[in-house]
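Working notes, beginning with the structure itself.
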Amino acid sequence: MTGNHEHHSEQNTGHDDEQQPGRHRRDKGLQRRRVLIGGGTVAVAGGLAAAGLASADPGRGDKPTKGATTGAASASTEASTSATSSVCVLNAEVTEGPYSLEGALVREDIREDKEGFEVQYAFTVVDVADDCAPLADALVEIWHCDHLGEYSGFVGGNGHTEEDNGTFLRGGQLTDENGECNITSIWPGHYVSRAVHVHMRVHTDVTLTDDSYTGGEIIHTGQLFFDQDINTEIQATSPYTANTTQETLLENDGIYDDGGASSGLLTLTALGSGVSDGYRATLTVGVNSD
């Protein structure tokens with residue numbers, strides 16, 4: 001089982017989809033604006049349409065009050081546990097795109113020396129084949145382009161020249177007994193004909209090596225998306241303004257299907273008072289291990 005059911009095909013991005021993959025080289029060195037301003041915790045978002053989902057009250061407009069939180073971490077955990085046990089949604093699977101590489105580094109921080117605003121990803125993986133029980137020891141792998149719209153292993157595809165070590169902004173982490181893992185990266189840039197996004201794969205039964213993994217099975221392939229209003233502000237701020245290629249809005253993306261969290265739309269919490277301070281991005285990922 002590959003987990004890569006191509007419900008949509010990657011659009012022609014201006015990159016050559018037939019490029020030969022680069023190789024990793026070890027480096028030592030409720031639809032739209034779901035944002036909570038401030039440092040509060042966020043209840044599990046994912047594909048769950050239940051109480052505890054961090055979202056604005058549609059009856060009061062779509063922007064929460066500044067400083068709002070969803071409560072203490074323990075309350076968030078209780079809410080997510082209750083939600084996962086009552087409502088379970090399989091996250092949409094889409095193409096992994098032309099920029100995937102094998103053998104990602106297993107690490108929590110994938111930024112290396114890349115410029116950009118910090119994003120603290122917090123994922124909870126649940127198994128729809130097991131009543132949405134948390135899935136432990138699953139490798140959650142993500143990869144995305146840098147602020148110039150360039151992918152490691154394929155630098156130059158968006159028209160910029162920079163060093164390519166084949167590893168920047170790629171990596172993964174194993175989930176714990178609660179199905180949770182955290183990965184730190186930057187907010188992605190954009191490239192022609194795709195909205196800003198992050199690629200994701202979930203693997204099971206991997207064997208860890210010194211800094212990577214071998215074996216295993218891919219049980220989920222998806223993409224993650226960002227609130228358009230926030231993204232517009234970020235793309236208009238340095239260093240993202242160095243990328244002069246045309247940006248595609250989320251509503252015009254050929255892969256995002258306007259399905260909210262179940263289609264990969266992240267719930268965002270501002271880490272400070274401005275976009276340059278970064279965001280915490282949460283998502284519950286519903287997978288099927290069968």
For Asp109, the side chain to side chain donor-acceptor pair (under 3.5 Å) test, sequence neighbours excluded, returns Arg111

Do the rings of His147 and Tyr240 sit parallel, tilted or perpendicular, given the 30° and 60° boundaries?
-> perpendicular

Just wondering, do Leu101 and Tyr151 contact through their side chains at under 4.5 Å, heavy atoms?
-> no

Would you check, one step at a time, whether the test salt bridge (charged side-chain N to carboxylate O under 4.0 Å, His left out) holds for Lys114 with Glu162?
-> CA-CA 11 Å; Lys114 284 299 172 181; Glu162 57 180 335; 2.7 Å; yes

Given side chains that start at C-beta, do those of Val155 and Phe168 come closer than 4.5 Å, heavy atoms only?
-> yes

Angle class for the Tyr99/Phe154 ring planes (parallel below 30°, perpendicular above 60°, tilted otherwise)?
-> perpendicular

With sequence neighbours excluded, tell me which residues meet side chain to side chain donor-acceptor pair (under 3.5 Å) with Gln235.
-> His190, Asn231

Between His203 and Tyr213, is the gap from one ring center to the other below 6.0 Å?
-> yes

Can you check whether Val125 reaches Pro134 side chain to side chain, under 4.5 Å on heavy atoms?
-> no

Does a side-chain heavy-atom distance below 4.5 Å link Ile110 with Tyr121?
-> no

Under 4.5 Å between side-chain heavy atoms, hopping through other hydrophobics if needed: is there a path connecting Ile142 to Leu139?
-> no

Does Gln120 have any side chain to side chain donor-acceptor pair (under 3.5 Å) partners at least two apart in sequence or in another chain, and if so, which?
-> Glu118

May I have the step-by-step check of side-chain contact (heavy atoms from CB on, under 4.5 Å) for Ile234 and Phe226, ending in yes or no?
-> CA-CA 11 Å; Ile234 287 176; Phe226 299 84; over 6 Å; no

